[in-house]
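Below: the structure, in structure tokens.
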Amino acid sequence: MTEETISQAVPPVRDWPAVDLPGSDFDPVLTELMREGPVTRISLPNGEGWAWLVTRHDDVRLVTNDPRFGREAVMDRQVTRLAPHFIPARGAVGFLDPPDHTRLRRSVAAAFTARGVERVRERSRGMLDELVDAMLRAGPPADLTEAVLSPFPIAVICELMGVPATDRHSMHTWTQLILSSSHGAEVSERAKNEMNAYFSDLIGLRSDSAGEDVTSLLGAAVGRDEITLSEAVGLAVLLQIGGEAVTNNSGQMFHLLLSRPELAERLRSEPEIRPRAIDELLRWIPHRNAVGLSRIALEDVEIKGVRIRAGDAVYVSYLAANRDPEVFPDPDRIDFERSPNPHVSFGFGPHYCSGGMLARLESELLVDAVLDRVPGLKLAVAPEDVPFKKGALIRGPEALPVTW
């Protein structure tokens, strides 16, 4: 192969701007990138240079589960990225590779098993009923996000983490500042430092704990010298922030169900299909803008005939993988009968989202409570007039005005 042929085989670098997309619209740039090929090159608004983008379902699973692609090497690089600030804590679980990553995840695994999640089911249902009761008492109209979709996941993740109810508001404030790109790096960094300090104190107090909540498990693991305090704090912060992603996902879910009332009515009349339907909604909803964290190729790897060289940055798109027509026939259609449904909305491989089972539980409880207890629920404004978050890494409605 001549040098000219090789240069023609390398895809051009495509600029991927940060655009605030309306509702649950699929990113048109990502659609174009998916059409261009299984492996393309992108440049995002921040960081430096370019990175590979992998979009097909099988390739996404390969990259996320292959030790030839590592997260730790990202620490020392200003990889092109969506977030304006990049302040990873060294040793944080999101930037660890096995075996350290495995050791750290093991310390809290018990809280996220089926048994661990079931432990908070009844308490979660009770907290949700209280929120719906309060909304119904206040009467229509209401902001479903403010009344239910925001406080519920905060309460559940705080319950699972072992954070006292009195500190929920602080947790929510810090999370919003960390996740938003509109306040600047300094504000985000300060919020992260404050959350770090909070969890450092809480975990430090629980070194002899036999509790089943996450901070007790972390405190006990630190006490046994299995993990360091800084590792425990980094993991606690990641889990706490991740717990609020349900607010955005469920916001998009209810915006979709109320914008397409036939979907909501089907879920009301056929409650037995809800778990499968929620899985399909999780597949279909574009839950984030652009892409998340990158990986670095630790050696030369070939994917679909494209040579990725050692040191190159690589992104995967879970959103694109969830619309791969080879795996999901008619992928842009919401199909409550879809089976099997091997979506990757919670990731894949060692960095698979710990809270996937918890998020499913919360989504099921929310659909049950809101659809069954508020049968006349509908949007109080036109679907296109629902305000969505601006400048956020995770997509979702700012507010969801409803009436009944």
Side-chain angles (χ1 to χ4, degrees), residues 108 111-112 116-138 142-180 183 187-188 190-206 209 211-219 232-251 254 353-355 357-366 369-370 389 392-394 396-400:
V108 296
F112 293 98
V117 169
E118 281 302 313
R119 185 180 68 82
V120 299
R121 178 187 286 272
E122 288 313 309
R123 179 84 182 102
S124 299
R125 185 182 278 123
M127 293 187 293
L128 179 55
D129 280 339
E130 289 171 15
L131 293 168
V132 175
D133 286 344
M135 183 179 80
L136 292 173
R137 272 198 309 273
D143 174 1
L144 190 63
T145 299
E146 182 182 42
V148 178
L149 303 183
S150 178
F152 176 59
I154 296 166
V156 173
I157 193 61
C158 285
E159 180 81 9
L160 195 81
M161 295 294 292
V163 171
T166 49
D167 296 332
R168 286 178 194 164
H169 180 71
S170 297
M171 283 293 162
H172 176 59
T173 303
W174 288 329
T175 296
Q176 294 309 302
L177 292 174
I178 291 166
L179 285 180
S180 175
H183 299 283
V187 172
S188 179
R190 188 162 59 244
K192 196 168 183 181
N193 288 340
E194 288 169 358
M195 191 185 278
N196 278 339
Y198 176 91
F199 276 119
S200 184
D201 291 343
L202 192 60
I203 293 166
L205 291 170
R206 298 184 176 177
S209 177
E212 294 181 279
D213 60 84
V214 171
T215 49
S216 293
L217 293 171
L218 287 170
V233 168
L235 180 52
V237 168
L238 185 76
L239 293 170
Q240 180 69 39
I241 291 171
E244 289 206 35
V246 174
T247 295
N248 295 296
N249 252 5
S250 59
F254 279 103
C353 173
S354 300
M357 209 175 292
L358 182 68
R360 273 196 181 89
L361 168 72
E362 291 178 66
S363 297
E364 288 178 21
L365 290 175
L366 279 165
V370 174
K389 292 183 176 178
L393 307 180
I394 307 298
E398 193 74 58
L400 199 54

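Any value given below was found using the heavy atoms of this structure, including those in side chains, with hydrogens, waters and symmetry copies removed. As the structure is a computational prediction, the values presented were derived from the model and not from experiment.
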Going by heavy atoms in the side chains, are [X] and [Y] under 4.5 Å from each other?
X      : Y      : value
Met161 : Leu202 : no
Cys158 : Gln240 : yes
Ile154 : His169 : no
Val156 : Leu160 : no
Ile157 : Leu358 : yes
Phe112 : Val214 : yes
Phe199 : Leu218 : no
Asp133 : Arg137 : yes

**Asked** Okay, side chain of Ser250, backbone of Ser363: is any donor-acceptor separation there less than 3.5 Å?
**Response**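 Such a contact is absent between Ser250 side chain and Ser363 backbone.
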
**Message:** Using a 3.5 Å distance criterion without hydrogens, assess whether the side chain of Arg206 forms a donor-acceptor pair with backbone atoms of Gly211.
**Reply:**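 Looks like no, no N/O pair under 3.5 Å.
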
How far does [atom1] of [X] sit from [atom2] of [Y], to the nearest 0.5 angstrom?
X      : Y      : atom1 : atom2 : answer
Ile203 : Ser209 : CD1   : OG    : 11.5 Å
Thr173 : Ile178 : OG1   : CD1   : 10.5 Å
Ile241 : Gln176 : CD1   : CD    : 10.0 Å
Arg125 : Arg121 : CZ    : CZ    : 6.0 Å

Quick one: closest heavy-atom pair of [X] and [Y], and the distance?
X      : Y      : result
Phe152 : Ser124 : CE1-O, 3.3 Å
Leu149 : Thr247 : O-OG1, 2.9 Å
Glu159 : Val120 : CG-CG1, 4.0 Å
Ala369 : Val132 : CB-CG2, 4.4 Å
His172 : Ser150 : CE1-OG, 3.6 Å
Leu400 : Gly251 : CD2-O, 3.9 Å

**Request:** Test side-chain contact (heavy atoms from CB on, under 4.5 Å) on Lys389 and Asn248 and set out the steps.
**Result:** CA-CA 9 Å; Lys389 292 183 176 178; Asn248 295 296; 2.9 Å; yes

**Request:** Could you tell me whether Glu146 atom CD has more than 12 heavy atoms of other residues or ligands within 6.0 Å of it?
**Result:**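 Count not over threshold, so no.
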
**Request:** Quick one: do Leu144 and Met135 satisfy side-chain contact (heavy atoms from CB on, under 4.5 Å)? Show the steps, please.
**Result:** CA-CA 8 Å; Leu144 190 63; Met135 183 179 80; 3.8 Å; yes

**Asked** Taking atom types as modelled and ignoring hydrogens, do the side chains of Ser216 and Asp213 form a donor-acceptor contact shorter than 3.5 angstrom?
**Response**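 There is such a pair between these side chains.
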
